[in-house]
2 protein chains.
Amino acid sequence: MIDENLLQQFGAGSITIKKGDILFEEGDTAKYFYQIKSGEIKMNNFNDEGKEFIQSIFTKGNCFGEPPLFINKPYPANAVAITDAEVYAIAKESFFRLLFANPEAHLSMTVNLAQRLYFKSVMASEISSQEPEHRILKLIDYFKESVSKLQPADKYKVDLTRQQIADLTGLRVETVIRSIKSLEKKGLLIIEDRKVYR
Amino acid sequence: MIDENLLQQFGAGSITIKKGDILFEEGDTAKYFYQIKSGEIKMNNFNDEGKEFIQSIFTKGNCFGEPPLFINKPYPANAVAITDAEVYAIAKESFFRLLFANPEAHLSMTVNLAQRLYFKSVMASEISSQEPEHRILKLIDYFKESVSKLQPADKYKVDLTRQQIADLTGLRVETVIRSIKSLEKKGLLIIEDRKVYR
DNA sequence: CATCCCTTATGATTTGGGTCATAAAATGCT
DNA sequence: AGCATTTTATGACCCAAATCATAAGGGATG
């Protein structure tokens with residue numbers, strides 16, 4: 001989201017993490033601004049029974065974990081590498097200096113937060129009050145449109161496992177598998193060689 | 001969130017709405033920045049079966065409905081007055097001029113978005129994967145801490161109806177009533193004269 | 001103050017998604 | 001190639017929350 005040169009100019013370092021590594025944990029104090037250079041990071045929580053909930057999945061170019069920087073609260077979730085990844089990290093103070101010196105960068109941060117709040121709003125109403133099939137479709141459509149920047153007419157290959165869809169929607173794997181089957185029967189998506197297309 | 005004088009200086013008008021009035025609807029194009037002068041506004045959705053989901057409740061001093069201004073998307077929810085209310089409204093363009101001319105105002109907007117994103121994150125994981133009692137307690141604690149700015153030791157009177165709690169957590173009134181009863185038995189909150197305290 | 005509607009309340013019944021068990025196919029690792 | 005792990009898959013059963021019904025208390029309004 002923020003120009004790489006600008007990040008480096010303000011002293012950003014680069015961190016290399018392996019698949020499965022934890023960048024920060026729920027409850028930690030936020031000290032750095034992070035932006036992905038390569039790879040994928042997810043933010044998640046585990047409830048009392050150990051069930052995972054994925055807040056979001058971030059890919060190349062995305063920044064994540066900023067809200068706590070602005071409001072002085074601990075992280076509400078963990079950040080875990082889904083694949084090997086490289087991440088820019090810049091100290092909180094430098095980050096704020098960067099924002100004040102670059103109004104456009106600040107605006108793009110604001111736009112980014114607005115974007116994510118928008119997504120959370122849409123998913124919140126889905127998760128709370130819709131049937132599984134509806135939730136799953138909405139999630140897939142969000143990924144198709146906002147993550148992959150595709151048009152409704154394009155054919156989109158869902159790059160999420162059934163388990164990940166379950167963890168993103170708060171459902172169980174079995175329910176996701178059955179719902180996806182049912183959605184295929186209704187012609188709302190296609191399963192080819194176990195892969196889901198929409 | 002934004003100084004009233006500043007808003008007026010950039011040409012903000014004032015809108016008077018009555019309890020139950022709709023300020024904007026899901027799908028509408030965002031043209032104004034809104035901030036509450038007095039009264040309460042809720043943002044909500046209705047699912048296919050007509051069940052309400054309350055995204056948030058906003059009170060004096062809060063602004064709301066900005067994300068769509070930044071990302072050029074239609075409103076993801078409706079804005080409805082819970083009580084009679086007065087609201088500042090400032091045209092999108094004037095609002096952006098205000099932000100660029102006042103970096104501190106821009107920062108406070110960013111902080112506000114961060115705050116709301118934080119809340120949505122916490123509630124998302126709650127709603128998706130916890131039992132009713134847990135969800136309700138988390139919501140009450142959020143209102144106590146973030147809306148009323150009280151300390152854990154203070155006695156907080158929950159100013160939400162059982163129905164509102166249901167619509168904020170995605171549960172049914174009956175379930176909320178029964179859960180609150182059960183929470184009282186466990187000593188986690190107090191019911192006095194039908195009012196809930198925590 | 002009579003009426004209406006909202007809120008709180010409680011019991012009975014239903015049901016959809018969770019849970020458990022089991023397994024085959026695919027993928028990753030050494 | 002061989003083994004472990006993950007992913008997809010399906011059937012049987014269960015249970016908590018939704019649904020349905022019904023009602024009493026409280027607040028607002030003309």
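Chain A is the first sequence line, chain B the second, and so forth, proteins listed ahead of strands; every chain is numbered from 1.
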Quick one, give me the B/S/- string for nucleotides 11-21 of chain D, reading 5' to 3', where B means a protein heavy atom under 4.0 Å from the base and S means that only happens at the primed atoms, P, OP1 or OP2.
BB----SSBB-
Using heavy atoms and a sub-4.0 Å distance, could you list which residues of residues 181-197 of chain A are near DNA chain D? By number, please.
Lys181(A), Arg194(A)
Figure out the [atom1]/[atom2] separation between [X] and [N], and round it to whole Å.
X         : N       : atom1 : atom2 : answer
Lys18(B)  : dT29(D) : NZ    : P     : 12 Å
Ile177(A) : dA23(C) : CD1   : P     : 17 Å
Gln163(B) : dC5(C)  : CD    : P     : 17 Å
Gln164(B) : dC6(C)  : CD    : P     : 13 Å
Asp167(B) : dC6(C)  : CG    : P     : 13 Å
Arg162(A) : dT5(D)  : CZ    : P     : 23 Å
Asn47(A)  : dG18(C) : CG    : C1'   : 13 Å

List, by chain and then residue number, the residues other than Tyr197(A) in its hydrophobic cluster (Ile/Leu/Val/Met/Phe/Trp/Tyr, side-chain heavy atoms under 4.5 Å); write none if there are no others.
Ile190(A)
A quick test of your reading: do over 12 heavy atoms of other residues, nucleotides or ligands sit less than 6.0 Å from NZ of Lys92(A)?
yes
Quick one: does Ile2(B)'s side chain get under 4.5 Å of Phe95(B)'s, heavy atoms only?
yes
Should the pair Lys186(B)-Glu133(B) be classified as a salt bridge under the 4.0 Å nitrogen-to-oxygen rule?
yes
Please table the atom pairs, donor to acceptor, closer than 3.5 Å between any side-chain atom in residues 9-23 of chain A and protein atoms at least two apart or in another chain.
| from | atom 1 | to | atom 2 | distance (Å) |
| --- | --- | --- | --- | --- |
| Ser14(A) | OG | Lys37(A) | NZ | 3.2 |
| Asp21(A) | OD2 | Lys18(A) | N | 2.9 |

Listed by chain and number, what are the side-chain hydrogen bond (donor to acceptor under 3.5 Å, both in side chains) partners of Lys157(A), not counting sequence neighbours?
none
About how many Å separate CZ of Phe119(A) and OG of Ser56(A), when rounded to the nearest 0.5 Å?
6.0 Å
Sequence neighbours excluded, every pair satisfying salt bridge (Lys or Arg N to Asp or Glu O under 4.0 Å) that has a member inside residues 66-77 of chain A:
Glu66(A)-Arg116(A), Lys73(A)-Glu145(B)
